[in-house]
Amino acid sequence: MKRVAVSPAGVGVGVGAAVLMSCIGRRLFSQTATVGKSLQKGTTKSAPKSTAQLTDIEILHEKALQHGEETYQDPATGYTCFTAIAHNKRGYCCGSRCRHCPYGHRNVGKPDSIKADKAEAAIRKKEGKKAKASVYTRTGDSGSSGLYNGERRKKTDLVFEAMGNVDELNCVVGMALEICLEKDEKFLGDILEDLQGKLMDVGSSLATPAENSPDEKVAYTHFPIEMVKVIEDIIDDINSKLEPCRAFILPTGGKLSCQLHLARTVCRRAERSIVRLNESEPQEQSVVKYINRLSDLFFVMARYAAKQDNREDVWRPKPCSGNPKPYSV
């Protein structure tokens, strides 16, 4: 049976036409007057609230993807919209500015490019090859970037500073994990592998400001406070295997130990940026506490790695030039 979409006026139209109208007309609905969340709350929303409408659409799209569906209903227009799954099956950008285009709208305003991509997609389909999604979208060329809630901000915003530092920390942890694999250090390696996933969760929480995000997305990216206790237990376990630390430790002690000390310092920078962000825009306190404990974990892990290599070095103060007295610790 042919699927149809019903317009707000109740007129049935073909799926292709309806989707095209929804993809193009979506901008008009987001900029003009009064639907979107008003359908749910029974109130009228003005133009500045258009971001909330886009957020609703993103939620509907994600739910459709989770169920493997190729279309979903737009509550603001009544039209049926294609999901990214359907676009990927088509195999090319149709140039219609579809909201969920996985190709970065590469063919918008380029009819010749559409024909070329369509022909290439036909060949790929015949050969059984999958479509290629674009790595770049060009949406950030103007100096802005998007959060998980659909909001766009300048790339200099504190939230992206914090997210970037957490991302950098994850890269440093990844390098430490690779060293563990080379050394067959399973104990520390397993911890680091788990931490990489948790740092992705931290980034997701930061990318979803609670005050500007729908409850569903806030719940989806919630970072459990229980994770702080998990870190504390690991710290206690590792620390029980070490001699008491009564002096400053030099950031050395072998390749793995050095990498973990680097993770510790990058973690402290990530923490400072999250604290700054938290002062202007409240964050999940579980994230603030977790990132604070994490630097302590890297410290004891670095000591443990140095001990395994018989390389732990204690800082021994030396006299300063022109001053015969040693530094006091």
Side-chain angles (χ1 to χ4, degrees), residues 161-162 164-199 202 223 225-279 285-329:
E161 177 72 16
N165 286 331
V166 171
D167 187 25
E168 181 182 349
L169 172 59
N170 212 340
C171 295
V172 175
V173 172
M175 181 60 73
L177 175 57
E178 288 302 311
I179 297 174
C180 285
L181 295 175
E182 291 175 0
K183 294 170 61 67
D184 197 25
E185 173 52 68
K186 190 174 187 310
F187 175 60
L188 295 181
D190 287 346
I191 296 173
L192 293 172
E193 185 175 7
D194 182 70
L195 287 180
Q196 284 205 293
K198 294 301 186 294
L199 286 172
V202 168
F223 192 82
I225 189 64
E226 290 78 14
M227 292 299 101
V228 178
K229 183 63 167 60
V230 171
I231 290 293
E232 292 174 344
D233 290 342
I234 298 174
I235 293 174
D236 293 340
D237 179 48
I238 297 177
N239 207 37
S240 67
K241 298 176 172 66
L242 303 171
E243 293 296 324
C245 184
R246 297 188 175 90
F248 288 112
I249 303 298
L250 291 174
T252 181
K255 191 175 182 180
L256 178 56
S257 178
C258 287
Q259 188 66 29
L260 290 167
H261 276 299
L262 180 59
R264 172 179 59 82
T265 59
V266 175
C267 186
R268 285 299 188 193
R269 170 153 49 85
E271 180 187 6
R272 291 192 295 271
S273 61
I274 291 175
V275 169
R276 280 195 298 271
L277 175 62
N278 184 59
E279 290 173 350
Q285 289 308 295
S286 55
V287 167
V288 179
K289 293 178 181 180
Y290 184 85
I291 207 75
N292 182 36
R293 297 295 187 282
L294 198 54
S295 58
D296 294 330
L297 175 58
F298 289 132
F299 177 72
V300 296
M301 290 177 73
R303 288 193 65 207
Y304 179 85
K307 180 182 178 180
Q308 295 300 98
D309 289 339
N310 298 314
R311 288 284 309 278
E312 185 174 47
D313 291 316
V314 176
W315 178 48
R316 296 175 179 81
K318 296 181 179 179
C320 178
S321 176
N323 184 356
K325 296 181 180 179
Y327 292 110
S328 60
V329 179

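Please read these numbers as outputs of a predicted model, since none were measured by experiment.
Lys183 is listed as a side-chain neighbour of Asp309, based on a closest heavy-atom distance under 4.5 Å. At a threshold of 4.5 Å between non-hydrogen side-chain atoms, the residues Leu195 and Ile231 count as touching. No side-chain heavy atom of Val202 sits under 4.5 Å from any side-chain heavy atom of Leu294. Proximity of Lys289 to Asn292: side-chain heavy atoms (C-beta onward) are nowhere separated by under 4.5 Å. Val266 places none of its side-chain heavy atoms less than 4.5 Å from the side chain of Val173. In this structure, the side chains of Glu279 and Val275 come closer than 4.5 Å at one or more pairs of heavy atoms. Two residues are said to be in side-chain contact when any heavy atoms from C-beta on lie closer than 4.5 Å; Val172 and Met175 fail this criterion. Side-chain contact check for Asp237 versus Phe187: some heavy-atom pair is nearer than 4.5 Å.
Between atom OG1 of residue Thr252 and atom NE2 of residue His261 there is a gap of 7.5 Å, rounded to the nearest 0.5 Å. Atom-to-atom distance recorded for Asp296:CG and Arg264:CZ is 10.0 Å, nearest 0.5 angstrom. To the nearest 0.5 angstrom, Asn165 atom CG is 5.0 Å from Glu161 atom CD. Between the NZ atom in Lys229 and the CD1 atom in Ile234 there is a gap of 10.5 Å [rounded to 0.5 Å]. With rounding to the nearest 0.5 angstrom, the CD1 atom of Ile291 is 4.5 Å from the CD1 atom of Ile274. Here CD1 of Ile238 is found 5.5 Å from CE of Met301. Values are rounded to the nearest 0.5 Å.
When all heavy atoms are compared, the tightest approach of Ala302 to Ser257 is O-OG, 3.0 Å. Closest heavy-atom contact between Leu256 and Ala176: CD1-O, 3.6 Å. The nearest pair of heavy atoms linking Ser295 to Cys267 is N-SG, 3.6 Å. Heavy-atom minimum distance, Ser273 versus Ala162: OG-CA, 3.4 Å. Residues Thr265 and Leu262 come closest through the heavy atom pair OG1-O, 2.8 Å.
The environment of NZ in Lys241 is crowded: more than 12 heavy-atom neighbours from other residues, nucleotides or ligands sit within 6.0 Å. Counting heavy-atom neighbours within 6.0 Å of Met227 CE, excluding the residue itself, gives a total above 12. The number of heavy atoms from other shown groups lying within 6.0 Å of CD (Glu232) is above 12.
Although no hydrogens or angles enter the test, the distance criterion places a donor-acceptor pair under 3.5 Å between the side chain of Arg303 and the main chain of Glu243.
Every residue two or more places apart in sequence or in another chain that forms a ring pair (Phe, Tyr, Trp, His ring centres under 6.0 Å) with Tyr290 is listed here: Phe223. Remark: Lys255 engages no residue in a side chain to side chain donor-acceptor pair (under 3.5 Å) (not counting sequence neighbours). The side chain to side chain donor-acceptor pair (under 3.5 Å) check on Asp194 picks up Lys198, with sequence neighbours excluded.
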For the pair Leu260 and Leu192, evaluate side chain to side chain contact (heavy atoms under 4.5 Å, CB included) and give the outcome as yes or no after the intermediate values.
CA-CA 10 Å; Leu260 290 167; Leu192 293 172; 4.0 Å; yes

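Between Arg268 and Glu271 a salt bridge is recorded (basic side-chain N to carboxylate O distance below 4.0 Å).
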